[in-house]
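Heads up, the thing below is written out as structure tokens.
We count ligands from 1, going down the list as the structure has it; atoms in each ligand are counted the same way. Nothing fancy with the numbering, it's 1 onward along the sequence.
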Amino acid sequence: MGKRNAQRAGAPSFGPPAVDPRRRRLLGCSCCAAGGLLLSSPVVANAATPAAVEDWRSRLLQGERSLWLARGDDQVRTTYWTPDAGYDGEAYKEICWLLRDVQANKSFAMSPRLLDVLCGLQNWLAHGGHRQPIHVNSGYRSFATNYRTEGAALNSRHLSGQAADITVPGVPLARLAGMASLFGEGGVGMYLNKGFVHVDTGNERIWIK
Ligand SMILES: [Zn+2]
């Protein structure tokens, strides 16, 4: 039995595998000096293979996929995907509504990949004892809202439903950003001045403001 199969057969492990060298470079860059705070598990000396990273990601999304999100006084806690039935349209709509452009009061078909990134992060946090909603500062933005948003890029991923600005009470921004960077494959921005982490499903990049 190969190593990966042996891992599958045993008790689930949610610690990250050794970091892909490309990711390690990102985490160690000057814009993310908090890299040392990011991992709750010791960083393994040898870099993981892409297959091991993929295997770890898929274990964080194993079985039903649920999200518990909060925004102001609103909350949604629902299962949006199951292995047997696939996507639950009503649950998906509820999540999209919570992630709507609140200024325009307009919902958008959010990227399923973004939901998976948030779900994986939430499962990873839950494994570490943080069982609470992810707080959403911003999800979809219409062009007009994005234009009015201070510091927003004109081609922001928020415009296409591929980004969310989030916090998790009790979890330092640097840790949340590091987890998002390790779990996701897109953009991660840590906004120290505004107190949230931006995650998106675009090209891989990381920044701090
Ligand atoms: Zn953002």
Side-chain angles (χ1 to χ4, degrees), residues 23 26-27 29-35 37-38 57 60-61 65 67-76 80 92-125 130 132-209:
R23 275 286 185 206
L26 288 169
L27 291 168
C29 73
S30 59
C31 75
C32 198
L37 302 173
L38 303 179
R57 285 186 180 129
L60 281 171
L61 290 173
R65 296 181 192 173
L67 270 175
W68 185 10
L69 302 176
R71 188 173 196 178
D73 294 332
D74 293 338
Q75 280 202 17
V76 61
Y80 63 90
Y92 174 71
K93 273 195 248 174
E94 272 188 79
I95 291 168
C96 291
W97 180 247
L98 189 117
L99 292 166
R100 71 190 178 281
D101 178 335
V102 290
Q103 291 182 37
N105 207 31
K106 194 173 167 191
S107 186
F108 191 81
M110 300 300 289
S111 155
R113 175 65 194 151
L114 178 69
L115 304 196
D116 287 349
V117 170
L118 296 177
C119 175
L121 277 176
Q122 191 149 53
N123 289 343
W124 188 0
L125 285 164
H130 288 282
Q132 56 181 313
I134 291 175
H135 288 243
V136 175
N137 288 43
S138 180
Y140 165 67
R141 283 185 210 142
S142 63
F143 188 82
T145 299
N146 191 65
Y147 189 74
R148 287 193 300 266
T149 302
E150 185 192 340
L154 287 178
N155 60 348
S156 166
R157 297 277 169 181
H158 288 277
L159 291 165
S160 50
Q162 295 178 298
D165 298 337
I166 60 170
T167 59
V168 178
V171 178
L173 288 186
R175 183 164 173 228
L176 189 59
M179 292 172 78
S181 176
L182 283 171
F183 181 76
E185 294 171 282
V188 177
M190 185 163 62
Y191 289 81
L192 292 173
N193 54 345
K194 296 178 181 172
F196 63 72
V197 171
H198 164 107
V199 295
D200 70 46
T201 59
N203 298 331
E204 183 180 308
R205 64 225 189 278
I206 190 164
W207 66 92
I208 185 168
K209 286 193 177 176

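Contact record, Tyr80 with Cys119: OH-CB, 3.4 Å, taken as the closest heavy-atom pair.
Taking Val102 as the reference, Arg71, Arg100 meet the side chain to side chain contact (heavy atoms under 4.5 Å, CB included) condition, with sequence neighbours excluded. Remark: Asp101 engages no residue in a salt bridge (charged side-chain N to carboxylate O under 4.0 Å, His left out) (not counting sequence neighbours).
For Lys194, the NZ atom counts as densely surrounded, since its 6.0 Å shell holds more than 12 non-hydrogen atoms of other residues, nucleotides or ligands.
Between the side chains of Trp207 and Tyr191, at least one donor N or O sits under 3.5 Å from an acceptor N or O.
Listed by chain and number, the protein N, O or S atoms at a distance under 2.8 Å from the Zn ion (ligand 1) are His158 NE2, Asp165 OD1, His198 ND1.
Applying the salt bridge (charged side-chain N to carboxylate O under 4.0 Å, His left out) test to every pair with at least one member in residues 146-163, sequence neighbours left out, gives no pairs at all.
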